[in-house]
Each structure stands twice: as C-alpha cells, then as structure tokens.
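We count residues from 1, following the sequence as given. First listed ligand is number 1; within each ligand, the first listed atom is number 1.
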Amino acid sequence: MEVQTTKIHAALLASPGIGHLVPVLELGKRLVTQLDFQVTIFVVGAEPSVLESQLQNFPKSSIFNVVSLPPVDISGLVDPNASIVTKIIVMMRESVPALRSQISVLKLRPTVLIVDLFGTEALPLADELNMLNYVLIASNAWFLAATTYFPTIDGKQEDEHIIQQKPLIIPGCKPVRFEDTLEAFLVKNDELYVEYLRIGLEIPAADGILVNTWEDLEAKTLQSMRDTKMLGRVTRIPIYPIGPLVREVKSPALENPVLDWLDNQPTESVIYVSFGSGGTLSAKQMTELAWGLELSQQRFIWVIRPPVENDVTGAYFSVGKGSDDTPDYLPEGFLTRNSKLGLVIPDWAPQAEILRHPSVGGILSHCGWNSTTESIVNGVPMITWPLYAEQKMNATMLTEDIGVAIRSKKLPTESIVERKEIETLVRSIMVEEEGNKIRSRVKELKSSAEKALSRGGSSYNSLSRVAEDCEKSLQGLVARAHGA
Ligand code: UDP
C-alpha cells in the first residue's frame with residue numbers, strides 16, 4: 001500500500017440501518033467538498049437497492065468510494081429475539097476481519113478511520129494500520145454524555161437510577177429521567193448491557209469524537225465534556241460538534257407524486273407523520289392515530305407500515321424498498337373519507353424532500369436524530385412520538401430544553417395514545433397559537449444550524465480542526481515512509 005503524499009484519505013465505517021448510513025454518507029460528502037479528502041465508505045448490512053437509492057441523493061461532485069462489506073451470518077450468534085442493537089453490534093463485530101482486509105488492499109493508505117457508535121471494535125485497526133481514529137456519534141451530545149458516563153458510575157448510583165428509578169445525574173448536563181433512559185442500561189449484565197458498557201468505555205480511547213450536533217444547540221453539554229472537572233474527566237478526548245449532518249435536497253427536486261400533491265396544498269398546511277426507517281405501531285395504536293388525524297381535519301402525509309404487536313422496531317431490517325400494496329389495516333372507509341385531506345404512503349417516502357416543501361407545517365415523529373435535524377433545518381415544528389433507542393431522551397430535549405416540539409401526556413411506548421389526544425396535538429401544532437410559537441422557535445434554530453455549517457461557523461471550523469490533525473498525522477506517515 002502506498003502512502004499518499006497529497007491528499008488525506010479517510011476510511012469511514014457505517015453500521016446497519018439507514019439512520020446510520022445517512023449521516024456517514026453526509027460526513028463523507030463534507031470531507032470531500034469542504035476538506036478535499038479522498039473518502040472510502042465501508043457499509044455493513046445494507047440492502048444493495050437501499051444503498052443505491054441513498055447514493056442517488058448525492059451529487060457527482062461529492063463522489064466517494066462506497067464498499068459494501070460482505071454480508072455476515074449472525075443466525076448462530078444471536079438469539080433471533082435479541083434487540084436490534086444487539087444484532088447490529090454482532091454484525092459489526094463479525095465484519096471487522098473483512099474491513100481489515102479491504103483497508104489493506106486499498107491502493108492508497110487511509111490516514112484516518114472514522115467509525116460510528118457500533119463500530120468501536122474496529123478502532124484497534126487504526127493502531128495496526130497507522131491511522132488516526134475517530135468515533136462519529138450520529139446522535140446528539142446529551143446521548144453521548146449518557147453513553148460515556150453510565151459505565152463509569154458506581155453501584156450505588158446505578159441502583160439509584162435503575163432500581164429506585166431516580167434521574168441519572170450527569171455532571172454539567174441535564175439529568176436523564178428513568179422513563180427516558182436507554183434500554184441498554186435496564187437489565188444489568190444482560191448481553192446488551194455488557195456490549196453497551198463496552199462501547200461507552202471504548203469511545204474515549206479514540207483520538208476524537210465527531211458528534212452530529214452544533215455548539216449553540218447543546219452548549220452546556222459540550223462545555224461539560226470539555227471541562228476536566230466535569231464530564232471531561234470521563235470523555236477525555238477532543239469533541240468536534242460538526243452537525244447537523246443533513247443531506248441536501250437535489251435541485252430541481254426529484255419527480256414524485258407526493259411532491260406534486262404537496263405543490264397543490266397551502267403553505268404550512270400539511271402534517272407529515274413518520275416513524276423513521278424502522279418504527280412500527282400496534283394495530284390498536286394505528287387505529288387511534290388514523291382517527292386522530294381524521295378528527296383533526298388537517299391535511300396529512302402518513303408513511304404507514306403494517307402493524308406489529310410488541311415490537312416498535314418491526315421494520316428496521318426490511319424497510320426502504322417501497323411497497324405498492326393497498327393497506328388493509330386502517331379503519332374501514334378511512335382512505336375514501338380522507339382521499340382529499342391526506343396521503344397514505346406505504347413503507348417509505350422521500351422524507352428530506354417532503355420536510356423541505358413549503359406546504360409542510362408540522363411533523364409527528366419518532367424523534368430519530370436524523371428526522372429531528374431534518375425537521376430543524378427545514379423549520380418544521382414537531383409532535384414527539386418516541387419509540388426506541390435514544391428517542392425518549394430526544395423527545396424530552398426537544399420539548400423541555402429546545403422548545404421545538406409538543407408531546408402526548410404519556411409515552412407512546414407505555415400506553416395507547418388515544419384519538420382525542422392525537423387530534424388535540426395535531427391541531428395545537430398546526431393551527432393553534434402554541435404551534436405558532438414553536439414554529440418561530442424552530443425557525444430560529446434553523447438559522448443557528450445554517451450559521452454553524454457556513455464557512456467560519458462552529459461546525460465548519462470543527463471539521464477543519466479534524467483536517468489539521470489528519471494533516472499532521474499524514475506528514476508523520478510520509479516522514480516515516482521516507483525513513484526520517
Ligand atoms: N427516511 C426516509 N423516508 C422514510 C423514513 C425515513 O427518507 O419513509 C429517512 C429519514 O429522512 C432519515 C432516516 O431515514 O434520514 C431515518 O433516520 P432517523 O435517525 O430519523 O431514524 P431511525 O430510522 O434511525 O430510527
């Protein structure tokens with residue numbers, strides 16, 4: 001393998017799931033367009049058709065190499081009923097040998113390896129192959145704080161949080177309420193708990209952390225992570241807030257009947273309803289949501305999937321391929337009665353394009369971090385409907401700290417949210433004064449995100465600092481290659 005003397009070559013590793021792929025691709029694009037890096041992106045567990053459709057979203061000017069690592073068979077390694085996170089972690093572990101051989105055969109040696117949260121077991125490859133190494137947190141800094149802090153607490157603090165159900169107090173950060181806590185923390189010593197603690201401990205062993213947030217959004221949390229008297233004693237390494245990593249929508253916009261429909265609706269009159277790449281609802285909850293939308297009498301676009309009982313991640317590994325089936329699980333007559341008011345889209349919709357459309361005035365969202373940042377950069381206020389992963393923390397942050405969302409009285413994972421409440425929530429965000437205030441606030445944040453990303457802005461500068469570190473490391477490699 002040659003040591004390249006002109007360009008920095010970054011190798012990025014994306015874990016399974018569109019929510020993980022989207023920010024890695026976007027980071028790859030920025031490394032090429034802002035920093036003139038060469039980029040190779042290694043992807044685990046992506047359906048070829050899904051990967052291809054995601055890549056079509058990127059302009060030719062931001063071309064990076066994408067390598068799909070060979071599929072791994074985890075059937076004998078994981079209980080089929082294990083959580084999605086456990087399955088992802090095992091897939092990532094089993095992919096490390098393939099990553100090693102793929103990096104080794106690259107003609108130009110990468111100077112830096114960037115893995116996402118579930119790829120930390122690949123970090124030792126960086127030492128082996130002389131690369132700098134970073135972890136990309138595709139979520140926010142508060143989630144990162146909880147992930148790195150929890151493994152360092154003592155038994156008493158752990159009991160207080162998990163057994164006595166008291167908030168987890170994190171130095172310098174908003175406490176995490178028990179009902180919002182990460183599923184991985186709940187069952188001591190089970191597989192997910194052990195894996196997650198390992199990840200929390202491995203992150204600070206990297207050279208730095210890139211996080212999909214921006215200074216103004218999470219100033220207090222970021223400050224604590226940099227202060228060695230606060231959370232900095234746990235995180236220890238430099239934090240680079242480089243977000244929001246949101247894919248740009250191509251112009252002219254793609255041709256799609258949903259966008260044509262939106263073209264004919266009044267400004268900010270449509271609520272978009274989506275549970276991300278994998279979220280599913282129970283049959284009873286779908287019925288209530290359908291009635292809630294109908295009763296609200298607001299225009300809507302609803303991305304629907306067949307109901308799944310007792311599994312809110314029911315579509316995680318199968319989504320994104322689209323479906324032409326007419327749904328037969330909605331209340332009788334729903335589609336006919338609402339044919340003028342709304343659109344029901346089975347399985348998958350062009351979300352980034354929809355959220356950008358001026359006719360969209362609200363989103364009911366599962367609060368995945370990509371959907372959240374996509375809503376913020378388009379100035380769209382939210383109704384939170386958290387389902388899994390860190391989404392309950394996100395929902396709390398969005399409603400209580402940032403003020404860009406409203407939520408149901410009870411968590412949708414704890415009880416059915418009934419039609420009357422859904423009707424009220426939708427009307428509040430779309431037509432009531434409360435919605436107007438939240439809309440103004442989210443538009444302020446939209447400006448703050450734009451500022452952070454623009455040349456000289458905080459996220460732009462953070463990424464430039466990563467480039468400076470890589471440049472120094474490259475010079476070291478070149479010097480060594482020349483026997484200096
Ligand atoms: N997405 C989409 N169409 C859909 C559902 C999701 O384009 O019908 C995209 C969405 O725009 C986002 C990603 O898939 O970029 C989902 O990521 P997020 O972090 O919001 O949630 P996750 O699916 O990881 O829970």
Practice task
Flag Ser371 as yes when one of its N or O atoms lies below 3.5 Å from any N or O atom of ligand 1, and as no otherwise.
Solution key: yes
Handout entry: Between Asn212 and Asn140: side-chain donor-acceptor atoms closer than 3.5 Å
Key = no
Exercise for the section: Measure from atom 10 (C) of ligand 1 to every heavy atom in Gln351, His366, Gln54, Gln391 and give the option owning the shortest one. Expected result: Gln351
Exercise for the section: Any atoms of ligand 1 less than 4.0 Å from a non-hydrogen atom of Gly19? List them with their elements. Expected result: 17 (O), 24 (O)
Exercise for the section: List every atom of ligand 1 that sits less than 4.0 Å from any heavy atom of Val303, numbering the atoms from 1 in the order shown and giving each element. Expected result: 8 (O)
Exercise for the section: For Ile18, take its heavy atoms, then give the atoms of ligand 1 lying under 4.0 Å from any of them. Expected result: 14 (O)
Exercise for the section: State whether a side-chain donor-acceptor pair under 3.5 Å links Glu390 with Ser139. Expected result: yes
Problem - Phe185 ring center near His161 ring center (under 6.0 Å) - result: no
Exercise for the section: Just do the side chain to side chain donor-acceptor pair (under 3.5 Å) check on Asn378 and His357 with the steps written out, would you? Expected result: CA-CA 8 Å; Asn378 289 298; His357 198 287; over 6 Å; no
Problem - Among Tyr272, Tyr388, Trp369, Trp348, closest by any non-hydrogen atom to atom 1 (N) of ligand 1 - result: Trp348
Problem - Donor + acceptor pair across side chains of Thr86, Ser83 (<3.5 Å) - result: yes
Handout entry: Ser277-ligand 1 polar pair, N/O distance under 3.5 Å
Key = yes
Completion exercise
In short, Pro175 meets Pro167 closest at the heavy-atom pair CB-CB, 3.9 Å
Exercise for the section: Check whether the side chains of Ser296 and Glu423 place a donor and an acceptor atom closer than 3.5 Å, and report yes or no. Expected result: no
Problem - Distance-only N or O hit between ligand 1 and Ala349, under 3.5 Å - result: yes
Practice task
From the options Asn370, Val22, Thr373, select the one whose nearest heavy atom is closest to atom 18 (P) of ligand 1.
Solution key: Asn370
